[in-house]
Asker: 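This is the structure I want to talk about, given as structure tokens.
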Amino acid sequence: MERSADRINILGIVPSCDATAAAVVQNGTVLISNVIASQIDIHARYGGVVPEVASRQHLLAALPVVQRALAEAETSWEDLQSIAVTIGPGLAGSLLVGVNLAKTIALARRLPLFGINHLEGHIYANWLADDTKREPPRFPLVCLIVSGGHTDLLLMRDHGQYLPLGRTRDDAAGEAFDKVARILELGYPGGPSIQQAAQGASPTYRLPRAWLKGSDDFSFSGLKTAVLHLVQKANHPVAEVAASFQEAVVDVLVTKTVEAAHRHRAQQILLAGGVAANTLLRDTMSLRSSIPVLFPPPPLCTDNAAMIAACSYFHLMTRRSDGWDLDVQPNLKLV
Ligand code: KG4
Ligand code: ZN
């Protein structure tokens with residue numbers, strides 16, 4: 001890796017609910033290395049995340065993952081200018097492993113430490129590129145965060161400025177994918193398995209859409225219940241039910257996001273979070289929006305540490321680093 005005074009290399013560390021991750025990012029945009037040790041095989045055995053199992057896995061994986069991220073970046077501790085770590089929202093036990101490791105490294109190497117909101121990290125995955133040529137997102141923009149725990153629509157006028165437009169009133173979009181996958185007896189995590197099951201199938205069933213007219217909020221629990229009632233009544237082809245469900249979620253997400261982006265005269269629409277990896281969502285949003293749509297490559301939509309390192313670069317430019325009293329905040333809000 002090249003070294004120079006005008007290059008800022010940040011090591012990001014993320015213990016998320018189903019992966020331990022570390023990455024090195026240069027100047028907030030250039031991805032140097034990105035290592036993810038998935039816990040999905042372990043959690044799949046239980047059909048979901050068991051918090052104690054997750055934190056124990058993080059303890060085992062964290063340091064080796066950091067060492068691999070440095071090795072793949074062909075860098076050493078001396079080439080790092082800062083450490084970034086997720087402080088929330090998330091599972092307290094998992095977050096603690098990351099924060100303590102980040103503090104230890106920052107203390108030992110005398111590096112500034114930045115605690116980062118996981119959701120803000122998801123947004124900043126959109127600033128990452130394999131090289132420096134790509135244009136950065138333009139403000140004002142409307143961002144749709146769709147993850148396992150959140151469905152948030154935000155207006156961003158500048159770096160670090162978030163105006164909440166809407167959020168889910170019940171299940172998050174990813175949560176709906178995961179729950180419907182369970183109903184259909186597809187694998188964990190539900191998003192990728194529903195996408196795969198739906199591939200090539202027709203969305204035959206007209207499932208309900210909660211438009212919540214006059215509001216930018218979302219609701220997915222009625223849709224989930226409708227799928228449950230549909231499969232309880234008769235034996236329907238799983239692929240067609242999965243396709244119908246996926247289409248209903250995407251229809252609502254796209255229609256409401258595009259409408260809000262026009263209303264706020266956004267320059268761009270950004271997608272972020274695990275569900276942003278969904279092909280139908282990416283394609284439909286691009287197709288139905290006259291405003292340019294940006295989304296990270298699929299591996300940077302789901303939890304990763306590069307997004308945290310990218311995000312912390314913009315913190316480093318605008319605020320002081322965090323102190324040794326930095327603590328986890330399992331219920332941390334973005335807005
Ligand atoms: O952002 P993320 O990796 O973790 C959280 O912060 O929650 O999001 C995970 C969520 C899960 O609910 C997963 O089912 C969903 O993202 N997901 C997808 C896809 N890939 C992951 N949902 C739909 N389609 C996908 N291809
Ligand atoms: Zn996430």
Side-chain angles (χ1 to χ4, degrees), residues 12-21 23 34 36-40 43-44 47-49 51 54 85-91 94-95 98 116-126 143-152 167-168 170-184 186-199 218 220 223-224 242-243 245-254 270-285 295-311 330-334:
I13 300 172
V14 171
S16 83
C17 65
D18 56 18
T20 317
N34 190 28
I36 299 173
S38 169
Q39 298 187 5
I40 284 176
H43 298 312
V49 176
V85 66
T86 326
I87 51 169
L91 296 170
S94 297
L95 294 167
I116 300 296
N117 182 312
H118 181 89
L119 297 170
E120 192 179 18
H122 273 301
I123 297 173
Y124 275 84
N126 283 290
C143 180
L144 175 69
I145 307 178
V146 270
S147 70
H150 293 82
T151 303
D152 288 328
R167 61 184 51 184
T168 181
D170 38 60
D171 292 348
E175 189 181 355
F177 269 94
D178 295 335
K179 286 179 176 170
V180 166
R182 266 186 181 230
I183 293 171
L184 299 179
L186 298 167
Y188 168 90
S193 59
I194 285 189
Q195 174 169 319
Q196 203 187 358
Q199 211 166 7
F218 300 93
F220 296 107
L223 172 60
K224 169 196 66 190
F245 163 77
Q246 187 174 242
E247 193 198 51
V249 174
V250 167
D251 191 14
V252 172
L253 290 175
V254 170
L270 255 56
L271 301 184
V275 183
N278 186 273
T279 310
L280 187 70
L281 176 62
R282 297 157 81 92
D283 293 350
T284 312
M285 193 73 82
F295 34 75
L300 296 177
C301 289
T302 43
D303 287 345
N304 66 87
M307 67 188 198
I308 299 299
C311 181
N331 299 315
L332 185 63
K333 301 266 181 295
L334 184 56

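Numbers here are sequence positions counted from 1. As a basis for the values below, the full set of heavy atoms in this structure was taken, side chains included, without hydrogen atoms, waters or symmetry mates. Both ligands and their constituent atoms are indexed starting at 1 by order of listing.
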Asker: Report, rounded to 10°, the angle at the Zn ion (ligand 2) between the two atoms NE2 (H118) and OD1 (D303).
Answerer: 100°
Asker: Is it true that H118 lies under 4.0 Å from ligand 1, counting heavy atoms only?
Answerer: yes
Asker: First locate atom CE of M285, then atom CG of L270, and finally report the distance between them rounded to the nearest 0.5 Å.
Answerer: 10.5 Å
Asker: Check whether any heavy atom of H150 sits under 4.0 Å from an atom of ligand 1.
Answerer: no
Asker: Closest non-hydrogen protein atom to atom 24 (N) of ligand 1, residue and atom name please, with distance?
Answerer: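 Closest protein heavy atom to atom 24 (N) of ligand 1: N278 ND2, 3.0 Å.
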Asker: Please list, in number order, the atoms of ligand 1 under 4.0 Å from a heavy atom of H122.
Answerer: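 Checking each atom against H122, I get 1 (O), 6 (O).
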Asker: How far is atom 3 (O) of ligand 1 from its nearest protein heavy atom, and which residue and atom is that?
Answerer: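 The closest one turns out to be D303 N, 3.0 Å.
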Asker: Is there a donor-acceptor pair closer than 3.5 Å between any side-chain N or O of D178 and the backbone N or O of G190?
Answerer: yes
Asker: Tell me, please: is S16 in heavy-atom contact with ligand 1, that is, under 4.0 Å?
Answerer: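 Per 4.0 Å heavy-atom rule, S16 does not contact ligand 1.
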Asker: Can you name the nearest heavy-atom pair linking V249 to F220, along with the distance?
Answerer: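 Smallest heavy-atom distance, with atoms named: CG1-CE2, 4.0 Å.
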Asker: Given S16, which of L91, N304, D303, T86 fulfils the side chain to side chain contact (heavy atoms under 4.5 Å, CB included) condition?
Answerer: D303
Asker: Can you give me the closest heavy-atom contact between A272 and C143, atom names plus distance?
Answerer: CB-SG, 4.3 Å
Asker: For residues T284 and L280, report the shortest heavy-atom separation together with the two atoms involved.
Answerer: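 In this case the closest contact between T284 and L280 is OG1-O, 2.5 Å.
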Asker: What residue and atom, counting heavy atoms only, is the protein's closest point to atom 11 (C) of ligand 1, and at what distance?
Answerer: D178 OD2, 3.6 Å
Asker: Any atoms of ligand 1 less than 4.0 Å from a non-hydrogen atom of T302? List them with their elements.
Answerer: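 Per the distance check, 3 (O), 21 (C).
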Asker: In terms of residue, atom name and distance, what is the protein heavy atom nearest to atom 10 (C) of ligand 1?
Answerer: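 For this ligand atom, the closest protein heavy atom is G148 N, 3.5 Å.
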Asker: Checking the side chain of N117 only, and the main-chain atoms of P89 only, is there a donor and an acceptor separated by less than 3.5 Å?
Answerer: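 The answer is no, because no donor-acceptor pair under 3.5 Å joins these two groups.
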Asker: Using a 4.5 Å cut-off on heavy atoms from C-beta on, say whether the side chain of V146 contacts that of L281.
Answerer: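 Yes. Closest side-chain heavy atoms under 4.5 Å.
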Asker: With heavy atoms of G149 as the reference, note each atom of ligand 1 found under 4.0 Å away.
Answerer: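 Those of ligand 1 that fall under 4.0 Å from G149 are 7 (O).
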Asker: So if I count the atoms of ligand 1 from 1 in the order they appear, which ones are less than 4.0 Å from some heavy atom of G174?
Answerer: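 In order of numbering, the contacting atoms are 12 (O).
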Asker: Which atoms of ligand 1 sit under 4.0 Å from any heavy atom of Q195?
Answerer: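 With Q195 as reference, the close atoms of ligand 1 come out as 24 (N), 25 (C), 26 (N).
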Asker: Hey, is the main chain of T279 close enough, under 3.5 Å, to the side chain of Q195 for a donor-acceptor pair?
Answerer: yes
Asker: Would you say G191 and ligand 1 have an N/O pair spaced under 3.5 Å apart?
Answerer: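 Yes, there is a polar N/O contact under 3.5 Å.
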Asker: Can you tell me how far the CG atom of L300 sits from the NE2 atom of H122, to the nearest 0.5 Å?
Answerer: 11.0 Å
Asker: Do me a favour and list the nearest non-hydrogen protein atom to atom 21 (C) of ligand 1 with residue, atom name and distance?
Answerer: G274 O, 3.4 Å
